[in-house]
2 protein chains.
Amino acid sequence: MKVQLQKVLPAEIERRSFEIIGEELGNIRLDPVNEPVIKRVIHTTADFDYARTLCFSEKAVEKGIAAIKAGACIVTDTQMARSGINKSTLAAFGGEAFCFMSDEDIAQTAKQNGTTRATASMDKAVTLKKPVIFAIGNAPTALVRLYELIQDGIITPELIIGVPVGFVNVVESKELIMQTKIPYIVAKGRKGGSNVAAAICNALLYKAKE
Amino acid sequence: MKVQLQKVLPAEIERRSFEIIGEELGNIRLDPVNEPVIKRVIHTTADFDYARTLCFSEKAVEKGIAAIKAGACIVTDTQMARSGINKSTLAAFGGEAFCFMSDEDIAQTAKQNGTTRATASMDKAVTLKKPVIFAIGNAPTALVRLYELIQDGIITPELIIGVPVGFVNVVESKELIMQTKIPYIVAKGRKGGSNVAAAICNALLYKAKE
């Protein structure tokens with residue numbers, strides 16, 4: 001079988017991809033403010049389910065962009081998510097991306113407390129002296145701990161990107177976050193991932209830069 | 001609405017997740033050698049499509065494991081994929097994970113040649129003096145360049161993990177790889193990603209370690 005490649009210049013690949021996504025969404029109407037986020041997640045996953053499952057609290061995108069512009073940090077629950085975030089754009093606004101998961105104290109604290117490292121990472125994030133956006137693409141236990149810290153009045157994140165993936169307490173942890181008064185972008189259901197978390201951060205970063 | 005969390009110990013979450021995946025696969029029969037790879041990809045994505053779309057050349061998993069045991073390196077096309085690979089397990093076998101995408105010479109070469117950085121990264125990988133597994137989760141242009149390098153007899157990878165995601169030449173680039181005589185693990189269709197590439201590497205690494 002002869003494989004026919006399309007001739008698309010390197011600089012045109014992303015633009016053409018977004019065109020195709022737009023075409024295939026067809027009659028599905030997206031909120032114009034949320035649209036760049038939804039499309040970038042579909043671009044990252046080739047999964048159109050996200051047009052249906054991504055949930056945004058009121059003005060979540062605007063609030064996320066404003067936080068970035070004000071120099072907010074981003075805290076992730078995986079090195080992968082941190083790795084996928086456009087850190088130079090974030091730095092241009094004075095922000096920084098953190099992932100505490102591999103820190104030595106995190107492993108110790110988690111072991112002592114019988115929790116996941118993700119839980120211990122959220123506790124460590126409390127010590128940051130800057131406004132924080134959380135981008136959680138892996139561990140539902142991170143979202144559960146954030147929920148507790150919010151309920152106890154210990155932290156007030158600027159935005160929670162709640163897109164862990166998986167089978168144990170993933171759906172439930174997302175529901176918890178949607179019950180708080182914190183701005184959120186959540187992928188309902190089991191799907192999500194570090195790549196999705198990073199894609200949402202980047203969509204906000206690119207909008208902030210415009 | 002009251003959210004009910006399941007009580008699962010941190011150490012048990014992954015095992016319980018794999019149990020759920022097994023239950024939900026139901027009557028779908030997986031090749032027992034490929035099964036740990038397929039299940040780990042589903043674990044990473046919560047997307048059961050992969051039970052259908054992951055294609056393995058003959059003995060691809062065995063060959064990948066043997067290559068790891070012999071100290072093969074892994075070359076990725078994103079920092080995210082590299083970040084997700086269990087590098088300490090890889091190092092225990094003498095291997096190392098590389099991603100050349102952010103290297104200064106890659107940006108220059110790509111600009112000079114009017115190619116993507118992924119294409120230039122594959123050319124750079126030719127200079128590695130060790131057996132190589134390629135784990136491509138993002139750029140179809142990386143797979144296209146690998147195909148050309150293989151056809152020209154310039155490289156003979158131990159294994160190609162071909163799971164780029166997207167809309168432009170993604171499907172086609174995977175078809176090209178499946179036409180070579182190089183062992184491959186490919187996710188047919190548009191889906192894939194850096195997370196999927198890393199998950200496949202880790203499934204092989206954990207099997208090698210057993």
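Predicted model, so just to flag it, every value in this text is computed and none were measured.
Surrounding NZ of K124(A) are more than 12 heavy atoms belonging to other residues, nucleotides or ligands, all under 6.0 Å away. Residue E104(A) qualifies as open at atom CD: its count of foreign heavy atoms under 6.0 Å is 12 or below. With a 6.0 Å radius and a threshold of 12 heavy atoms from other residues, nucleotides or ligands, E23(B) has its CD atom above the threshold.
Interface check for chain A: of the options A110(B), S173(B), A46(B), the most heavy-atom pairs under 4.5 Å are formed by A46(B). Among the candidates V144(B), I21(B), T78(B), T141(B), the residue making the largest number of heavy-atom pairs closer than 4.5 Å to chain A is I21(B). Between chain A and the options R117(B), E19(B), Q179(B), the largest number of non-hydrogen pairs under 4.5 Å is found for Q179(B). Annotation: maximal heavy-atom pairing with chain B below 4.5 Å, among S17(A), A118(A), A11(A), occurs at S17(A).
If you take CD on Q79(B) and NZ on K87(A), they are separated by 8.5 Å, rounding to the nearest 0.5 Å. Between F167(A) atom CZ and I42(B) atom CD1 the span is 7.0 Å, to the nearest 0.5 Å. A distance of 11.5 Å separates OG1 of T115(A) from CG of L9(B), quoted to the nearest 0.5 Å. Rounded to the nearest 0.5 angstrom, R190(A) CZ and F48(B) CZ are separated by 5.5 Å.
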Does the salt bridge (Lys or Arg N to Asp or Glu O under 4.0 Å) test come out yes or no for K2(B) and E175(A), once each step is laid out?
CA-CA 9 Å; K2(B) 183 92 182 87; E175(A) 296 289 339; over 6 Å; no
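Heavy atoms closer than 4.5 Å to chain B are found in the side chain of E24(A), but not in its backbone. Proximity to chain A involves both the backbone and the side chain of L176(B), based on heavy atoms less than 4.5 angstrom apart. Contacts between V170(A) and chain B at a heavy-atom distance below 4.5 Å are absent for every atom of the residue. With a threshold of 4.5 angstrom between heavy atoms, Q4(A) approaches chain B through N, CA, C or O but not through any side-chain atom. Heavy-atom distances place both the backbone and the side chain of L5(A) under 4.5 Å from chain B. Heavy-atom distances place no part of E14(B) under 4.5 Å from chain A, backbone and side chain included. Neither the backbone nor the side chain of V171(B) comes within contact range of chain A; no heavy atom of the residue lies under 4.5 Å from a heavy atom of that chain.
Of all heavy-atom pairs between P10(B) and G114(A), the closest is CG-O, 3.6 Å. Residues V165(A) and T44(B) come closest through the heavy atom pair CG1-O, 3.4 Å. A pairwise comparison of heavy atoms in S83(A) and M80(B) identifies OG-N, 3.2 Å as the closest pair. Across all non-hydrogen atoms, the minimal contact from T45(B) to K191(A) is O-CG, 3.7 Å.
Without hydrogens or angle criteria, N195(A) side chain to N195(B) main chain gives no donor-acceptor distance under 3.5 Å. Between the side chain of N169(B) and the backbone N or O of Q6(A), at least one donor-acceptor pair lies under 3.5 Å.
Side-chain contact check for D49(A) versus D47(B): every heavy-atom pair is 4.5 Å or farther apart.
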